[in-house]
Amino acid sequence: MAKMNKVAWIFPCLVWLAVTSVPRVKGGAGVPLPGATGGLTKAQVVDANLKVTARYATRLEVQWEVNSNELIQECLLTIFYGSTQDVRDCLQPSRQTSEKFQDSVFDYTKKYGRNKAVARSSNEEDFAPLSLQTQMKGKDLNYKGDVERKTNFMDQLEEGRENSVVFYNITGLDACTSYDLQLIVVPIGFNTNDTDSYYYRDSLEQENTGPDETLPPKQLSCSISEQNEDIWIFSWQDPMNECPTSKFNVAWTAQSRWSSAVASMSYVTIEHQEQFIDFLAYADYHFAVSADYGDVTSANGSIVCTSPEKAPSAPQNVRATGHDQTSLLVEWDAPVAANGIIKSYVVFMNNSKESISVDVISQDTFYEATGLESCLNYSIEVVAVNGAGYGPPSDMITHLYESGGTSNLEFIVCHVNSSGVYTQWNPIYRDCKESSYEVWYSLYIPWKNETRSDETTVNVNHYDLPATDFYPGTEYNIIVATADFSLESGCAVNSSDTKSSPPSITELSATVSSVYVKWSPPEEANGLIQSYIISLTGDNGQSLHEFVDGSTTQVNVAEKILSGTSYEVEVAAINGFGEGEYSAPKTVTTLPSRS
């Protein structure tokens, strides 16, 4: 409690007239002590009807009743708080009594033509003058502020007033604190031994001052309801626990963390919490709440809370396509309402034989399924997962998986070796039956300058060209198409050159210093002839080699030819493979030198 002996000044008593029926009794000597009861005196105890009429943070406004036109010698209001007490002199609002009434000394003086007792003690303190203004309303007299005037209890009981209800302000108190009050009002002429004498007495217990209206609500928090996890709660406590607040102003704004959605609201409530069911999921909520005291509003208490995630909505537009001959590609669109951060998806694929579920631990919106059994209908659903758990499944789709049932026909093998040309392509299914295929092929033999072509129908996904159409050093082009010609593909390969057959020497002659050779190309060049080699071996052990372009079939060898020498002549063709077979050797002798 605030140090009551240091109260700066005491608010005046507000008075209005109300006639009472308690008889006035002539008094005698002696005054009851604070805390005394009627059992300690022969005088009568009259109930003063003490009441608290208004509560403020640092003061209480009280009222009591006495007989009209009463002459009062002492008025004491004792305030108890715990083990401490403070005694106020009701007759002198500008003074405060000593802590012990028995230390007081009464000095009877004359004022306003009446006797009045004024309390004096060694620790009295002066207070600031009070400002009052009177206003007559018929027989009632009210006091209001704004005019310089000292007032006291006696001023409220001037002669001629018929109302004896007294208002008194107890100031210098602590906010939101419980006090016990005891009032003793002693008329002039009071005598403790006179059974006809009387005094006024009343008490109140646990009367609370009002709250500090500047303090904001406290202990703001956000939590999920223990009874229902779908309910999110924003709660707060009164600014001062001992002083319940009757009304609060609440305002909030929210910004989603996963979308551009925003929301806001403000309202007045008598509750200490707000329950949210249809809240904006995974959003930053900025809360502000103040205590509403009517004409006064406290400071705001504020807090920022992130609302819980809610289960996401269903993925959209699920679709499935054959990715290649061994897998199925499942794709979908992300949920319209993520309601948080999507952590993963679950793909459910069920057929007549088994149920498959696969976790896609990412935000990817596709899954490539492998190892599926061909020619089965798969029902496919996708579920999104965020921090709140699993959302509802997507619309179910049904897909007939056909191994190799892709939308593209592509060659897997297009190969040639020394014995033939081999091709293979991915199978194409129609209603889980493999399609038949049309095959066209053409070949060009450069070393024969020939072109050939053929076509055939096959029921398997491979084709080997006939051996009769295989030639070395040949260009091959193969085209394959489904029976309905909806898909087709092609490839091209070249067979390698092989060793050519021998040319044939058709003419051979010599002079003193040269040898002339003419030949016909080999019957089976087995590749495009790039050049010819002419080999000459003399009977003297001399060995000569002459190279000519493949388009030439004759040559006159003159370099290093010796006269009178016999030469064995051979010719071979050279293609991509290398030297071919040599022609049958023929012999020619150069002429002798004339010198």
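Side-chain atoms of S307 come within 3.5 Å of backbone atoms of L280 as a donor-acceptor pair (strictly under, hydrogens ignored). A donor-acceptor pair under 3.5 Å is absent between the side-chain atoms of N477 and the main chain of S442, judged by distance alone. Remark: the backbone N or O of E438 is not paired with any side-chain donor or acceptor of Y463 at under 3.5 angstrom. When atom types are taken as modelled, the side chain of D238 and the backbone of T245 share a donor-acceptor pair closer than 3.5 angstrom. Between the side chain of E229 and the backbone N or O of I224, no donor-acceptor pair lies under 3.5 Å. Side-chain atoms of N426 come within 3.5 Å of backbone N or O of N408 as a donor-acceptor pair. Using modelled atom types, one side-chain atom of N386 and one backbone atom of A338 make a donor-acceptor pair closer than 3.5 Å. Listed for the S495 side chain is a donor-acceptor partner under 3.5 Å among the backbone atoms of Y471. Looking at D395, its side chain never comes within 3.5 Å of a backbone N or O of N317 through a donor-acceptor pair. Looking only at distances, no side-chain donor or acceptor of W258 sits under 3.5 Å from a matching main-chain atom of E309.
Residues Q554 and Y516 are in side-chain contact: their nearest non-hydrogen atoms beyond the backbone lie under 4.5 Å apart. Within the 4.5 Å cutoff, the side chain of P312 has heavy atoms near those of the I342 side chain. You'll find the side chain of T209 reaches within 4.5 Å of the side chain of L60, heavy atoms only. Two residues are said to be in side-chain contact when any heavy atoms from C-beta on lie closer than 4.5 Å; L372 and M349 meet this criterion. Contact check for E274 versus F287: no side-chain heavy atoms found under the 4.5 Å cut-off. Residues L376 and S352 form a side-chain contact, since some pair of their non-hydrogen atoms from C-beta on lies under 4.5 Å apart. Counting heavy atoms from C-beta on, the side chains of S504 and S583 never come closer than 4.5 Å. Considering only heavy atoms from C-beta on, I533 comes within 4.5 Å of E579 through its side chain.
Using cut-offs of 30° and 60° for the angle between ring planes, the W425 and Y437 rings count as perpendicular. Taking the six-membered ring for Trp and thresholds of 30 and 60 degrees, F234 and W236 have ring planes inclined between 30 and 60 degrees apart. Taking the six-membered ring where tryptophan is involved, the planes of Y476 and F470 are essentially parallel, since the angle between them stays under 30° and well short of 60°.
Between I478 and C414, the shortest heavy-atom distance links the atoms CD1-SG, 4.3 Å. Contact record, A573 with P503: N-CG, 3.9 Å, taken as the closest heavy-atom pair. The heavy-atom pair separating E373 from Y378 by the smallest distance is N-OH, 3.1 Å.
The 12-atom threshold is exceeded at CG of D549, counting heavy atoms of other residues, nucleotides or ligands nearer than 6.0 Å. Applying the 6.0 Å contact sphere to NZ of K343 captures no more than 12 heavy atoms from other residues, nucleotides or ligands.
Proximity of the aromatic rings of W252 and F279 is defined here by a centroid distance below 6.0 angstrom, and this criterion is not met.
Sorted by first then second residue, the disulfide bond (SG atoms under 2.5 Å apart) pairs that include residues 255-311, not counting sequence neighbours, are C222-C305.
Scored by the ring pair (Phe, Tyr, Trp, His ring centres under 6.0 Å) test, W332 finds Y345 as partners (sequence neighbours excluded). Y532 is linked by a ring pair (Phe, Tyr, Trp, His ring centres under 6.0 Å) to W519, counting only residues two or more places apart in sequence or in another chain.
Between R319 and D333 there is a salt bridge, with a side-chain nitrogen of the basic residue lying less than 4.0 Å from a carboxylate oxygen of the acidic one.
In the model, E523 has no side-chain atom that pairs as donor or acceptor with a side-chain atom of S501 under 3.5 Å. In the model, D484 has a side-chain atom that pairs as donor or acceptor with a side-chain atom of T482 under 3.5 Å.
Between R55 and the choices E207, E61, E213, the salt bridge (Lys or Arg N to Asp or Glu O under 4.0 Å) rule is met once, by E207.
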